[in-house]
Amino acid sequence: MLLLFLILGITWGGIYALVGLGFNTTFWTLRILNFAQGEYLMAAVLLSIGFNRWVNLPWPIAIVLALAVTAALGLVLERVAIRPVLQHDPRSHSWVVTTLGAGIVLQNLAVLLFGTSEYPFPKLMEGVVQLLDARVEKQLLAVFAITVVLVVLFDIFVNRTLMGKAIKAVAFDRMAAEAQGINSRGIVMLSMILMALLAGIAGLLIAPMVSAHPYMGTLMTVKGFSAAVLGGLGSPVGAIVGGLVVGIAEQLVGGYINPGLKDAIGLIFLFVILIARPQGLFGKKVAERV
Amino acid sequence: MAKAVRRYLPFLLVALALMLLPWLGLNPFYTHLGINLGIYVILAISMDLLVGFSGQTSLGHAAFYALGAYASGLLAVRLGFPVWLSIPCAAVIGAVITGLLGMPLMRVSGFYLAMLTIAFDLLTMTLIDQWPALTGGVNGLYNIPSPTMGNFLMFGARLSHRGYYYVVWILAALAFIFQRRFVNSWVGRALVAIEGSPLAASAMGINVARYRWMTFVLSGTLAAIAGSLFGHNVGYLNSEAFHGVSNMVLAMALVGGLRYPAGPFIGALIFVLVPQWLNQWGLGDKQGLVYGLILLLSLVVLPKGLASFISKRPQLLRLDPADVPADGVENLERVVSYQHGEDEPPVLKLEKVSIHFGGNVALQDVDLEVRPGETHALIGPNGAGKTTLINIISGIYTPTSGETYFNGERTTGLPPHVLTQRGMVRTFQNLQIFPGLTVLENVMIGAHPTFRHAALTSVLPLKALNEEEREAMAAAREVLAFLGLSEYENTIATELPYGTQKMVELARAIVAKPKLLLLDEPAAGLHKEELDRFEEGIRKLQQRGLTILIIEHHLDLVLRLADRVTVLNYGKRIFLGSPDEARADEQVKEVYIGGAAATA
């Protein structure tokens with residue numbers, strides 16, 4: 001059993017890591033967190049289902065189109081919920097309320113369009129494989145493999161490409177980056193798109209394993225945030241480690257202690273790390289300039 | 001008298017109307033709406049306290065509301081507690097749970113609390129559903145004493161909805177009075193200061209973490225009380241009843257208008273009516289969408305809320321300044337007056353203080369001694385480490401090695417608010433004026449260390465509190481007069497010219513009655529006339545025996561004012577002596593002429 005729990009934990013942990021990375025991208029460029037992140041995850045899934053069912057598009061096209069729309073929704077979020085409050089007062093945390101509001105709107109629109117019933121989502125692969133004493137669904141392994149590829153791609157993008165370095169530059173000092181000719185507006189847009197895509201892909205990966213419905217995102221916001229904060233907000237390695245820790249702990253607690261406690265793990269990690277080490281495992285403590 | 005009538009008349013009229021509502025012969029439905037309104041008012045007051053005053057957001061108030069409802073309901077149903085006992089118990093349980101959940105507020109705030117409360121909300125609802133042995137699970141908890149079930153007994157009397165209406169509104173009125181007295185005091189000003197600038201607030205002697213935590217606990221407790229009233233109204237609970245409540249409470253507070261006394265009433269009224277309207281228009285299922293849109297748009301469309309249309313700017317002063325005369329003459333005996341004996345220890349002493357940032361050594365083995373009554377200047381070129389040193393002295397940074405002593409006591413590593421409470425008060429190089437507040441309110445925040453009562457006592461009608469408030473206001477007005485700022489008392493401080501704001505900061509520091517005043521580039525950016533006024537002000541403070549440590553780039557000015565001078569360069573002390581000696585010293589000349597003379 002332990003092996004199965006670990007595989008499940010690592011796979012789910014990878015998903016939390018993706019959502020956590022999404023938190024990081026907007027935190028770098030705008031110093032904000034999108035409290036509607038989980039709703040972006042849900043949107044990509046339900047939009048794919050909508051395009052497949054109602055427009056009769058084949059799945060691959062439906063999924064690509066859904067991701068494109070989700071990315072566009074990310075841009076809309078910046079324009080509607082984030083830019084106005086930051087323009088009004090750059091120090092304010094009002095974006096907590098506005099992005100949450102945007103998420104509630106998305107959720108309720110989804111209820112209007114799709115109702116509250118649960119939809120099936122096709123698996124990438126059918127069947128199971130025998131790993132030592134555990135029978136593991138192939139789908140699970142596929143999800144894990146895709147997550148690893150995505151994390152590697154994300155790392156290459158941020159650290160090796162010019163655009164990724166521009167994101168880092170804006171994160172470090174927006175004014176200085178602009179003085180170097182970096183289009184910070186564009187970088188902000190890019191970070192919103194990345195956030196939406198990371199959440200959306202995470203949603204598409206888990207959709208076959210859970211059921212797709214308008215409320216599927218809410219818990220993911222919390223768990224992705226726990227992962228990001230546990231690892232240290234702003235640290236990609238942190239988000240991955242944080243995601244894995246939360247994912248594995250969840251499966252172990254759910255498997256050996258009580259399945260009802262599974263969803264409490266994210267909250268408990270969040271609570272403990274904020275008391276013990278608010279900058280997270282891999283975060284750096286920043287001194288405020290006065 | 002007439003003033004008091006004008007001030008309280010609207011509330012008396014509202015109270016009268018509320019008292020009469022069940023007797024107007026209206027459909028009993030209105031009594032039900034009135035009960036809901038009272039419960040919502042308590043919820044809105046609870047959220048306003050948290051968001052409006054301390055600037056923290058809870059996205060999970062439904063959890064505290066549900067906790068209160070289930071706690072009181074379970075105590076009454078399972079243990080047979082009478083309601084007069086079960087409701088206070090629910091409040092205590094609410095306080096304990098929010099107290100524990102709020103523990104991270106000692107370290108972090110802002111969006112962390114928002115996410116913690118969301119997570120807690122989700123967990124609470126899951127627990128309610130998955131712990132049927134305790135809560136009745138999805139089938140719900142039945143038979144809670146309530147007027148709906150006809151079994152609500154209070155002190156032996158069986159109350160109908162009409163009777164229950166008064167129970168709810170008495171508690172709503174108490175919540176209202178509690179919140180207004182709490183915030184119309186030094187506590188409210190401290191909370192607003194924290195919201196404006198946590199750093200400056202801690203430099204005013206405000207224990208930022210404790211105030212944030214306390215407000216969160218009070219807010220959660222009020223929500224739990226509202227929840228217990230909700231449970232005893234309907235008599236039946238399941239988790240469904242709390243769906244969307246977190247968002248509704250937040251929307252209520254924002255739409256009503258944060259900090260306005262009328263805000264929670266207007267917000268609650270709207271949200272009692274909205275579901276009725278939506279049902280009438282056949283949009284009953286769009287409630288969630290409406291709440292979402294309100295949260296998304298209200299901060300941009302209606303940033304001050306509806307109450308801003310009918311009320312003046314909310315007050316943070318308990319007394320009318322017109323009733324608290326300042327002498328207006330330059331008599332500052334009550335605020336600034338120091339006698340120094342011969343054998344007093346140095347006010348401030350640093351021993352071999354060093355600090356490293358990563359591999360950078362910003363300060364190395366710096367010694368410094370500030371004697372009672374002297375004005376000590378700290379000068380040096382840009383990057384010499386002057387501001388870093390001030391930040392160490394005032395507790396913002398902890399030195400890597402070395403010790404600091406204040407009034408003979410070791411103070412290394414103590415936080416800023418403790419040092420301020422002991423009498424070390426500073427100003428900032430970058431202005432730290434609290435935005436949105438008047439000059440008088442800003443300066444009154446500076447008087448925070450002179451308030452000696454526990455924060456919660458602010459709600460009590462104690463004579464001593466009014467005395468403290470009067471004393472602080474008189475001191476604030478006096479200092480403002482002394483610095484020639486009286487005419488700006490009621491102006492929003494951040495709307496004043498830069499130089500005037502710097503003087504406001506100086507005034508704010510002086511009302512704290514400092515034993516040591518730390519001035520970090522107080523004259524930067526002042527024009528000639530302002531410079532003269534500043535110099536004159538400092539001289540008058542010196543004559544009253546105030547001890548000052550000043551960093552300043554206007555060398556002429558600072559050498560005229562100082563008794564002794566310490567010169568820093570590259571994190572080391574290169575000179576200590578009188579201003580005349582400093583002018584003559586070769587090494588000092590070298591640093592200024594050879595190095596960064598232009599910035600001096």
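All values below come from the heavy atoms of this structure, side chains included, with hydrogens, waters and symmetry mates left out. Letters A, B, ... mirror the listed sequences (proteins, then strands); counts begin at 1.
- The choice from B:Asn247, B:Thr126, B:Thr388 that makes the most heavy-atom pairs within less than 4.5 Å of chain A is B:Asn247.
- Among B:Thr57, B:Leu299, B:Leu250, the residue with the largest count of heavy-atom pairs under 4.5 Å with chain A is B:Leu299.
- Scanning all heavy atoms of the two residues, the minimum distance from A:Gly101 to B:Leu295 falls at CA-CB, 3.7 Å.
- Only the side chain of A:Leu112 comes within less than 4.5 Å of a heavy atom of chain B; its backbone N, CA, C and O stay farther away.
- In this structure, A:His93 and B:Phe111 have tilted ring planes: the angle between them lies in the 30° to 60° band.
- Between A:Val105 and B:Gly292, the shortest heavy-atom contact is CG2-C, 3.5 Å.
- Closest non-hydrogen pair, B:Pro104 versus A:Phe271, comes out as CD-CE1, 3.5 Å.
- Ring pair B:His243/A:Tyr215 is perpendicular by interplanar angle, where above 60° counts as perpendicular and below 30° as parallel.
- Of all residues in residues 246-269 of chain A, those placing a non-hydrogen atom less than 4.5 angstrom from a non-hydrogen atom of chain B are A:Gly260, A:Ala264, A:Leu267.
- Under a 3.5 Å cut-off, the side chain of B:Arg107 and the backbone N or O of A:Leu274 do not form any donor-acceptor pair.
- Heavy-atom distances place the side chain of A:Phe225, and not its backbone, under 4.5 Å from chain B.
- In terms of non-hydrogen atom pairs under 4.5 Å with chain B, the most contact-rich of A:Leu33, A:Thr221, A:Val97 is A:Val97.
- Looking at B:Ile294, neither its backbone nor its side chain comes within 4.5 Å of chain A, counting heavy atoms on both sides.
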Return a table of donor-acceptor pairs under 3.5 angstrom between the side chains of residues 114-122 of chain B and protein atoms on other chains or two or more places apart.
from, atom 1, to, atom 2, distance (Å)
B:Thr117, OG1, B:Leu59, N, 3.0
B:Thr117, OG1, B:Leu113, O, 2.9
B:Thr117, OG1, B:Ala114, O, 2.7
B:Asp121, OD2, B:Ser246, OG, 2.6

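- Contacts of B:Leu100 with chain A are made by backbone atoms alone, with heavy-atom separations under 4.5 Å and no side-chain atom involved.
- Applying the side chain to side chain donor-acceptor pair (under 3.5 Å) test to pairs two or more places apart or on separate chains, those with a residue in residues 108-118 of chain A are A:Glu118-A:Ser211.
- Counting non-hydrogen atoms of other residues, nucleotides and ligands closer than 6.0 Å to CZ of B:Arg210 gives a total of 12 or fewer.
- Between chain A and the residues B:Lys286, B:Gln56, B:Met106, the most heavy-atom pairs under 4.5 angstrom are made by B:Lys286.
- Residues from residues 83-92 of chain A that place a non-hydrogen atom less than 4.5 Å from a non-hydrogen atom of chain B comprise A:Pro84, A:Val85, A:Arg91, given in numerical order.
- The candidate with the highest count of non-hydrogen atom pairs below 4.5 Å against chain B, out of A:Val111, A:Leu233, A:Leu106, A:Ile273, is A:Leu233.
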